[in-house]
Structures are given as C-alpha cells and as structure tokens.
There are 2 protein chains.
Amino acid sequence: MSQPQQERSRATRQRLLDATIDNLAEVGWSGTTVVAVAARAGVSRGAAQHHFATRDDLVRAAVESVTDELTREMREQEAHFAEGGNRPLAVVELLTDMWAGRFGRAATQLWVAAATDPGLRALVLPLEQRFSRELFRTTAELLEVDRREPRAAESVRLTIDLTRGVGLGALLRSDLQRRKADLAQWAAVLATLPGIGS
Amino acid sequence: MSQPQQERSRATRQRLLDATIDNLAEVGWSGTTVVAVAARAGVSRGAAQHHFATRDDLVRAAVESVTDELTREMREQEAHFAEGGNRPLAVVELLTDMWAGRFGRAATQLWVAAATDPGLRALVLPLEQRFSRELFRTTAELLEVDRREPRAAESVRLTIDLTRGVGLGALLRSDLQRRKADLAQWAAVLATLPGIGS
DNA sequence: CGCAAAGCAAGCACTCCTGATTGTTTTCGG
DNA sequence: CCGAAAACAATCAGGAGTGCTTGCTTTGCG
C-alpha cells in the first residue's frame, strides 16, 4: 500500500538528506554531487530536483541537518551519561567517538571544504559556532566543571580541540584504537586540572 | 635575456608546483584543477601538460613537495630553535604556526581529501606516515623528552594532535590569536608531565 | 469521476575539465 | 647555419555535472 503523498514526500526528502550526509562522510565534498546523492538515495534526479531546486539548496539542508544531529547526539549522551567509572576518560572517549561517527566525519568534510569556499563558509560558520557553544556547554557539564575556576574553560576547549585533532588523524589513518592510551593519559591529566570534576 | 632551457623548464615546473600548493591552501582540493593551477602559475595548459602529463602526476608531485617542505621546515626550526624562554610554549606555538602556514593548510586539505579518495589515499598515506615520524622525532627533541619515560611519547603525540585540532578549527574560524591562552595552558601542563624537559 | 496538484522521471543545453593531438616557437648542439 | 629536441600553446573530443524544461504517474479533493 503506498504512503500518503505528504509522508512519501517527507520520506524522499529524508532519504536525500541521509544520502548527502553519508556521501560527505564516505566520498567527501567534491564527490557529493546531486547525481551521486540521488543514486545513493535511490531516487531520480528529477525527484531530487523537485525537493531541492539546486545543489546549494541540498547542501544547505544537509549542513543544517548535520549540526542539528550532532547537537541532538550530544544532548542525548548528556542525558544518558552513566555515573561511576572514570568520568574524564568517558567524556574524552565520547567526544572522540562523536568525531569518528557518521555526522562527525561529514561535519569535518564540510568544515574543511568551507574553509576555502566562501559561499559554503557563510552557510557553515554560524551553524558551526552555535554547535561549538553547545559542545562546550555539554562537555563542561559532563566534566562537572567549576565555572568559578577561570582555567577550567581552557581545559574544556583543549579537550575538544584534542579530540578533533585525533579525529582528523583517524580520518586518514583509521588509528583510533591505537590512540586510546594517549587519550587515557589526557583524561588522567584533565582530572588533575583546576576546576575539573568539582 | 632568456634562461637556459633546462633552467626555464625547472622554473616552470616549480611555478606549477607552487601554484598547486597555493591553490590547495586557498581554494581547496576540488578547486585544484589543472586549468586553475596553470592560470595561477601563469603558464598555458599545454605547458602544464608537458611537465605533468596528467592531473594525477601533478598531484603526486605536489603531495611529495608538501611533505618534503613540511619536513624541511621542521628541521630548520629545530636547527634554529632559540634557547631560553618557555620551551614547551615555544614548541606548541611552533607546531600551531606550522599547521596554519601555507604547507600546513595545503597538507590538511590533501589529508582530508585523501580520507575519502582511495587513489589519493594510497599516495598520501606513506608520505604522511614518514612526515609524522619526523614530526614526532623533532617535537620530542625540542621538548627535550626523556626517552626512558614511557608516558612522554604520549605527551608528544597529544601535543601534535592538539595543535592539529586547533589548526583545523582555525582553518574555518581564523581564531588562532584567541587560542593563545588555551595553548599557553597546555604548554604549562605539558611542562609538568613526566619525561618532558628532562 | 474528473481535474488539479504534487511527486517523480526523462531529456536537453550549457559549462567545465581532462587527456590527447596537432602546431608553433625557442634553444642547443653538430 | 640547420635540424632536432624541448618548451610551450591551441584545439578537439569526450565525459561529468548542473539547471531547466517537458512529460508521466499518483494522489487527493470537490
């Protein structure tokens, strides 16, 4: 039995967005063409064009989706964060896994492409800034940061940057497992810094 | 007076390589076409094709050049490293400046593109691994690492990853100046870790 | 039941890029 | 001085992608 038309439309649009995100994560920015995305979504180019009139429209929707999903993912992790155990290590691993995930990899591809593409940059920058604030807030919350300690904010930012750097290296080298010991050391250091785990 | 032919050939080839690297750093991977590079180099497409028969050939030469130049740059920094002052901070800033530089930005663009392009990945991976070993060695040397301390190697890798993460963020946000305080904190922490500055 | 709207699909024209081919100019060696 | 080689340049054919137009099918409402 076929779907109600509006539901069918919604489903096609969602498949196109999912396909765009997967394409970004697996093929990269330059390989994310409307032709490739439509094929991966299993819809025709005419259908794709009906939903997104131009490639720019598709990309805009995908960028918004990626940052929304990353934000949602972080909030969900925060909501379900397991007490007990090594909190700094768990947070560091959470962030590292985020960058390594589907949305994290798509985001990295988009951000690097945005660095050199003015149109994409104008689109990505405000969304990335909003996401960064949310990421900072969530990470600080999970690390139980004492907001009165001025150095604590620096530690949070260092943690985020470090996991981003590890994530970037892992994109190419697929060496995340081997980085566990390094990350464990950072978590151990983090636990000793002022304002962390108050 | 025109140049000797061999010198002229060498100069054209060098201009093409320089143009490729600048294009990568400023326009990104997808915008680095032979047409764009030849225009930036101020040579015709025929001339470009004479020196590099295919785009793959040009890219291969550029990848080798980028990793060679980054390696040379690190060795030069090592040779001219100024004694006195805050050594960990100086090293952290040195690494951060490297990623922010022309070769560092081109390298980041290449590495991210290589993550999703199998042909480019096969080319980039061995060179990146060689460069990473050199970078580790140089950084450890500059930090005066005690090789007997097992945790020290982790600290070196964390330092490299952190500056890479900061560099990635700075590609998009141009916020390097504002990160100085964070990096200063890492340098302060680094100085306290076992095996650093022995 | 019929018609309009929406969703989907096919085809066209244009642009850009690459690799190959052909042609021109410059340089160098015999 | 001449011819060959190298450096450089112009052109062509084909492929890929985008945006637009036209056409078909399905759905829903009056």
Side-chain angles (χ1 to χ4, degrees), chain A residues 1-20 22-24 26-63 109-110 113 116-120 123, chain B residues 1-20 22-24 26-63 109-110 113 116-120 123:
Chain A
M1 187 69 69
S2 68
Q3 298 166 304
Q5 184 128 300
Q6 263 183 341
E7 175 53 27
R8 190 178 168 202
S9 172
R10 196 206 59 77
T12 302
R13 192 173 194 279
Q14 191 57 54
R15 272 159 61 202
L16 282 163
L17 284 177
D18 286 344
T20 305
D22 286 336
N23 222 76
L24 282 163
E26 294 167 32
V27 185
W29 170 250
S30 63
T32 301
T33 65
V34 175
V35 173
V37 164
R40 183 186 287 256
V43 309
S44 66
R45 279 199 43 241
Q49 182 151 36
H50 175 77
H51 290 276
F52 301 98
T54 64
R55 180 175 184 267
D56 275 359
D57 285 346
L58 179 63
V59 164
R60 177 177 303 113
V63 168
Q109 292 284 342
L110 280 169
T116 51
D117 180 322
L120 182 60
L123 174 62
Chain B
M1 189 71 68
S2 71
Q3 297 166 302
Q5 185 128 301
Q6 263 183 340
E7 175 53 27
R8 190 177 168 200
S9 175
R10 196 206 60 77
T12 302
R13 190 173 194 281
Q14 191 57 54
R15 273 160 59 203
L16 282 163
L17 284 177
D18 287 344
T20 305
D22 286 338
N23 222 77
L24 281 164
E26 294 167 32
V27 184
W29 169 248
S30 63
T32 301
T33 64
V34 175
V35 172
V37 165
R40 184 187 286 259
V43 311
S44 67
R45 280 205 40 246
Q49 183 153 32
H50 173 75
H51 289 275
F52 301 98
T54 66
R55 180 176 185 266
D56 276 357
D57 285 345
L58 179 64
V59 164
R60 175 177 302 112
V63 169
Q109 293 285 342
L110 280 168
T116 51
D117 179 323
L120 183 61
L123 174 61

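Naming convention: chains lettered A, B, ... in sequence-line order (proteins, then strands); numbering from 1 in each chain. Values below: every heavy atom of this structure, side chains too, minus hydrogens, waters and symmetry copies. No experiment lies behind these values; they were computed from the predicted model shown.
- DNA chain D is contacted by A/T54, A/R55 of residues 50-60 of chain A, taking any non-hydrogen atom closer than 4.0 Å.
- For B/R8, taking side-chain heavy atoms from C-beta onward, the closest of the listed nucleotides C/dT26, C/dA20, C/dC8 is C/dT26.
- Atom CZ in B/R45 sits roughly 7 Å away from atom P in C/dT18 (whole-Å rounding).
- Note that CZ of B/R13 and CG of B/L58 are 9.0 Å apart. Values are rounded to the nearest 0.5 Å.
- Atom CZ in B/R13 sits about 12 Å away from atom P in D/dC8, given to the nearest Å.
- Taking 4.0 Å as the cut-off between side-chain N and carboxylate O, B/R15 and B/D18 do not count as a salt-bridged pair.
- OP1 or OP2 of C/dA6 has not a single side-chain nitrogen or oxygen of A/S9 nearer than 4.0 Å.
- Side-chain N or O atoms of A/N23 include one that pairs as donor or acceptor with a backbone N or O of A/G31 at under 3.5 Å.
- A/L120 and A/L110 make their closest contact through CD2-O, 3.8 Å (heavy atoms, listed as atom of the first residue, atom of the second, distance).
- Between A/A48 and A/V34, the closest heavy-atom pair is CB-CG1, 4.3 Å.
- A/T32 has its side chain within reach of A/V37: a pair of non-hydrogen atoms, C-beta onward, lies under 4.5 Å apart.
- Contact of the A/V27 side chain with the A/R40 side chain is registered, since non-hydrogen atoms from C-beta on lie closer than 4.5 Å.
- For the segment residues 30-37 of chain A, the set of residues with a heavy atom within less than 4.0 Å of an atom of DNA chain D comprises A/T33, A/V34, A/V35, in numerical order.
- Remark: C1' of D/dA7 and CD of B/Q14 are 17 Å apart, rounded to the nearest angstrom.
- Per the geometry, CG belonging to B/L16 stands 12 Å off C1' belonging to D/dA7, to the nearest Å.
- Checking each of B/T20, B/V59, B/D57 against B/F52 for a side-chain contact (heavy atoms from CB on, under 4.5 Å) leaves exactly one that passes, namely B/D57.
- Atom CD in A/Q49 sits roughly 17 Å away from atom P in C/dA6 (whole-Å rounding).
- Atom CZ in B/R10 sits 11.0 Å away from atom NE2 in B/H51 (nearest 0.5 Å).
- Between B/T12 and D/dA7, a side-chain N or O to OP1/OP2 separation shorter than 4.0 Å is absent.
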